[in-house]
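Presented below is the structure to which this report refers.
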Protein chains: 2
Amino acid sequence: MATRNSYTLAMPTPDRTSLPDIVAAGRHILEADGLGAVTMAAVAARVGVRPPSLYKRVRDRDDLIRLVAESAVAEMGVELAAAEQDSGDPRARLGDLIGALRTYARTHPAVYRLVFTPVTEGVELPRDLLEANSAPLFAVVAELAGPDHALEAARTVTAWATGFVAMELNGAFRLGGELDAAFEYGIDRLARAIADD
Amino acid sequence: MATRNSYTLAMPTPDRTSLPDIVAAGRHILEADGLGAVTMAAVAARVGVRPPSLYKRVRDRDDLIRLVAESAVAEMGVELAAAEQDSGDPRARLGDLIGALRTYARTHPAVYRLVFTPVTEGVELPRDLLEANSAPLFAVVAELAGPDHALEAARTVTAWATGFVAMELNGAFRLGGELDAAFEYGIDRLARAIADD
DNA sequence: ACCTGAACACCGTTCAAGT
DNA sequence: ACCTGAACACCGTTCAAGT
């Protein structure tokens with residue numbers, strides 16, 4: 001019965017790739033060879049298509065990079081949420097959360113960098129995604145600092161955590177010494193600093 | 001007496017630019033239009049030369065960018081040292097120092113970013129330059145934390161400061177509220193946190 | 001409706017040829 | 001000894017032509 005339906009639905013060329021495939025390819029190349037290696041040609045080759053075909057699914061390279069960053073943020077959110085499952089006292093949970101962030105940065109350095117340093121001026125990550133990611137930390141900090149100073153305390157802790165991880169990632173701690181000890185020292189002092197009052 | 005001397009010294013083409021000029025041009029374009037705008041063509045045009053001529057003074061674009069970063073680090077060091085002149089108690093000097101870093105980031109965002117985020121994997125800034133820049137902060141922190149915990153304390157403060165400035169620069173503080181207040185709160189808690197023991 | 005080759009503008013870089 | 005035009009490889013992107 002090759003009638004109207006099978007005729008109008010017949011696709012002259014079947015889809016040879018998909019947006020998720022393209023984003024996954026970008027992710028893979030980013031982690032393997034860095035942001036500079038994420039070219040339209042490299043991504044196209046990885047999904048088995050020619051570069052112009054990518055423009056059917058993404059507006060341009062910036063758009064693709066943004067989608068990669070979004071997928072990474074979502075993944076990080078899952079890992080942060082998982083880290084908090086092992087609940088204990090607030091101080092311990094704070095260490096677990098920031099430790100999970102640090103672990104993610106070490107295991108996915110290029111992806112972490114992409115998320116935490118704005119690659120292109122105009123490109124923004126969706127606000128609700130970022131809020132979802134920072135929610136667990138915000139909650140623990142509120143427990144430690146009390147509701148009055150929750151916002152400032154969260155900012156202080158977040159600034160320290162992202163600063164520490166960035167410096168570790170960039171090899172900016174040049175004076176030797178135990179980095180794990182510096183991390184524990186920092187967490188400890190921060191937790192006390194925002195709690196005391 | 002157009003003799004041997006004037007003959008051997010005669011330069012077939014006089015220098016039309018210089019390394020300092022090239023670095024300054026790169027700096028200017030970086031601050032005005034961002035890192036992506038610092039192309040060999042743009043820099044060459046600004047110093048009045050054709051792109052291939054730049055390769056007489058710099059190895060390649062990465063080399064040029066590195067020189068721009070170095071000149072920026074040197075300039076930042078001067079401003080940090082100047083901020084510390086207005087000496088008061090250690091707590092106040094700590095605020096002045098980090099405040100100067102923050103001011104520099106706000107007035108030279110692209111340059112600040114270049115210095116604090118490694119643009120290319122292999123490129124390193126000279127160690128003594130970075131040490132000179134962190135020396136004032138290290139000294140103040142040592143006063144506050146005592147010699148035993150000076151290193152860990154300095155790392156904690158530096159991580160917080162660079163993290164805070166980076167987040168402010170990237171618009172990562174999305175929940176409103178007074179940023180200056182958050183800054184003061186952070187400095188205050190940090191100073192107490194590393195002092196207490 | 002997606003895919004492709006051809007083409008374009010732009011970029012970093014090299015090199016032989018000028019002076 | 002520095003400067004230049006010409007050339008090359010590579011990149012992002014567009015578009016008409018295929019199916």
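Proteins come first, then strands; the chains are lettered A, B, ... in the order of their sequence lines, and each starts at number 1. Every value quoted in this text rests on a predicted model; they were computed, and no experiment measured them.
- Relative orientation of the Phe116(B) and Tyr112(B) rings is parallel, given thresholds of 30° and 60° on the angle between their planes.
- Heavy atoms of Thr17(A) sit under 4.0 angstrom from primed sugar atoms or phosphate atoms, though from no base atom.
- Atom-to-atom, CG of Asp15(A) to P of dA1(C) comes out at 11 Å; the value is rounded to the nearest Å.
- Distance Leu19(B) CG to dA1(D) C1': 16 Å, rounded to the nearest Å.
- Taking side-chain N and O atoms only, Ser53(B) has a distance below 4.0 Å to OP1 or OP2 of dT4(D).
- The Pro51(B) side chain lies nearest to dT13(C) when the options are dC3(C), dT13(C), dG5(C).
- Salt-bridge formation is detected for the pair Glu124(A)/Arg174(B): a Lys NZ or Arg NE/NH1/NH2 atom is positioned less than 4.0 Å from an Asp or Glu carboxylate oxygen.
- Ion pairing between Arg27(A) and Glu75(A) holds under the 4.0 Å rule for side-chain N and carboxylate O.
- Between Asp96(A) and Arg93(A) there is no salt bridge, since none of the side-chain N atoms of the basic residue sits less than 4.0 Å from a carboxylate O of the acidic one.
- The CZ atom of Arg57(A) sits 17 Å away from the P atom of dT13(D) (whole-angstrom rounding).
- In the set dT13(D), dC3(C), dC3(D), dT13(D) carries the atom at the smallest distance from any side-chain atom of Met40(A).
- Near DNA chain C, defined here as any heavy-atom distance below 4.0 Å, the residues from residues 59-72 of chain B are Asp60(B), Arg61(B), listed numerically.
- Here the P atom of nucleotide dC11(D) and the CG atom of Leu35(A) are 13 Å apart, to the nearest Å.
- If you take OH of Tyr55(B) and C1' of dT14(C), they are 9 Å apart, rounded to a whole angstrom.
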Counting Watson-Crick and G-U wobble pairs with both distances under 3.5 Å, what is the dot-bracket string for DNA chain C, 5' to 3', using [ ] for crossing pairs and | for pairs to another strand? ||.|||||...|||||.||

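- Distances were taken from every side-chain heavy atom of Thr39(B) (C-beta onward) to each of dG12(C), dT13(D), dC3(C); the shortest belongs to dG12(C).
- Checked against dC3(C), dC2(D), dT4(C), the side chain of Lys56(B) finds its nearest nucleotide in dC2(D).
- Of the candidates dG12(C), dT4(C), dC3(D), the closest approach to any side-chain atom of Pro52(A) belongs to dT4(C).
- Geometric assessment of Arg102(B) against the ring of Phe164(B) yields a negative cation-pi assignment under the 6.0 Å and 45° thresholds.
- Between Arg91(B) and Asp188(B) there is a salt bridge, since at least one side-chain N of the basic residue sits less than 4.0 Å from a carboxylate O of the acidic one.
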Show your reasoning for whether side-chain contact (heavy atoms from CB on, under 4.5 Å) applies to Met40(B) and Val58(B). CA-CA 11 Å; Met40(B) 299 305 268; Val58(B) 300; 4.2 Å; yes

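- Between Arg57(A) and Asp15(A), at least one side-chain N (NZ, or NE/NH1/NH2) sits under 4.0 Å from a carboxylate O, which counts as a salt bridge.
- Proximity of a side-chain donor or acceptor of Asn133(A) to a complementary backbone N or O of Val73(A) within less than 3.5 Å is detected.
- Listed pair Arg16(A) / dC2(C) fails the phosphate criterion, with no side-chain N or O lying under 4.0 Å from OP1 or OP2.
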